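Here's the structure, in structure tokens; my notes come after.
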Amino acid sequence: MQKEKKIYDLIIIGAGPAGLGASIYASRYKLDHLVIGTEIGGQVVEASAIENYAGFDSISGKELMERFQHQAESLGAEIIQSAVKNITMQDNIFLVHVDGERDYQAKTIILALGMKPRKLNIPGEKELIGKGISYCATCDAMFFRGKEVAVIGGGDAAATAAIHLAEFVKKIYVFHRKETTWNPSREIDLKKNSKIELMCCKDIIKVEGKNVMESLTYRNEKGENKKLNLQGLFVEIGSVPGVELARQLKVKMDKQDYIIVDQTQATNIAGVYAAGDVTTGSNKFRQIIVAVAEGAVAAGSVYRQLKL
């Protein structure tokens with residue numbers, strides 16, 4: 001006789017601050033749950049220093065998320081590091097199909113899908129990802145020691161990336177539009193670093209290279225196309241929600257592809273909740289503390305749906 005598959009109360013998809021925060025509260029609510037994520041800790045682990053999370057003057061993203069993981073597991077969470085291929089429904093039960101693993105079943109779902117780096121979408125970018133093009137200075141700076149690189153972006157993330165890269169590389173060109181959003185103190189740090197050169201431009205046209213990146217072509221403020229020889233490019237132009245799984249479930253999203261949630265973190269699909277950077281909640285304020293709070297609210301909502 002075939003053994004029936006276990007049906008969890010809840011499966012949390014995503015193991016960043018929102019997902020692990022939801023898990024901590026799910027455990028406190030005695031919900032039998034599973035956490036599935038491709039990267040434990042999410043994008044936060046890339047941060048070299050976090051100085052705005054309550055309780056810590058300064059802590060690396062990696063250490064903070066290791067603490068999250070330890071707390072979640074100590075409370076009994078089951079965490080699987082893997083990619084979810086798709087989600088289907090059968091008899092009001094969600095079937096979560098995991099890459100390379102068996103399927104899992106649950107009565108409810110929390111989508112804590114986080115964000116993905118926004119790409120330039122220019123010729124040569126796709127071919128040179130991992131061959132000179134990176135979206136994480138914290139992760140990859142050491143591979144560009146002594147080389148000349150560029151950072152694309154006009155916000156704090158781009159400024160932080162350039163300052164970090166200066167510890168490793170020979171030269172950094174920071175390409176940005178005329179209107180920047182980085183903190184004025186960041187601009188002071190950029191200008192006083194002899195390795196960093198600010199390059200105001202209209203557009204990045206293309207990147208080129210045979211097996212590795214060799215050059216970047218940009219359009220300057222006069223409208224002229226210029227070519228610059230480079231060995232690396234770090235793209236820091238923001239992020240977009242990772243919502244492929246939400247689309248499969250026909251979850252409603254706004255014009256910017258953020259999952260629409262109500263005050264309980266519920267979506268338009270019964271039994272499907274969402275939390276963290278991927279949602280329209282909390283006025284889209286993308287902060288770790290907010291993601292954790294949304295995860296806690298979502299777990300509480302699941303508890304009220306199933307247990308009360």
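For clarity, every value in this text was computed on a predicted model and none was experimentally measured.
- Using a 4.0 Å cut-off between charged side-chain N and carboxylate O, R247 and D257 make a salt bridge.
- A ring-centre distance under 6.0 Å is not found for Y303 and Y25.
- Side chain of R286 to backbone of D277: a donor-acceptor contact under 3.5 angstrom is found.
- Among all heavy-atom pairs drawn from M213 and G132, the shortest one is CB-CA, 4.0 Å.
- Checked for salt-bridge contact, D9 and K30 miss the test: no charged N lies under 4.0 Å from a carboxylate O.
- A donor-acceptor pair is defined here as one N or O able to donate and one able to accept, closer than 3.5 Å; no such pair exists between the side chain of H164 and the backbone of A162.
- A salt bridge links K171 and E197; the closest N-O separation between the charged side-chain nitrogens and carboxylate oxygens is under 4.0 Å.
- Look at K85 and D103 and you find no salt bridge, because none of the NZ, NE, NH1 or NH2 atoms lies under 4.0 Å from a carboxylate O.
- The existence of a salt bridge linking E187 and K191 is confirmed by a sub-4.0 Å separation between a basic side-chain nitrogen and an acidic carboxylate oxygen.
- Checked by atom type and distance alone, the side chain of K195 pairs as donor or acceptor with a backbone atom of A166 at under 3.5 Å.
- In this view, Y218 and F175 satisfy the ring-ring contact (aromatic ring centres under 6.0 Å, His included) rule, not counting sequence neighbours.
- W182 and I152 are not part of a single hydrophobic cluster, where members link through side-chain heavy atoms under 4.5 Å apart.
- A salt bridge between E221 and R177 is absent, with no side-chain N of the basic residue lying under 4.0 Å from a carboxylate O of the acidic one.
- Taking the charged nitrogens against the carboxylate oxygens, E125 and K206 have no contact shorter than 4.0 Å, which rules out a salt bridge.
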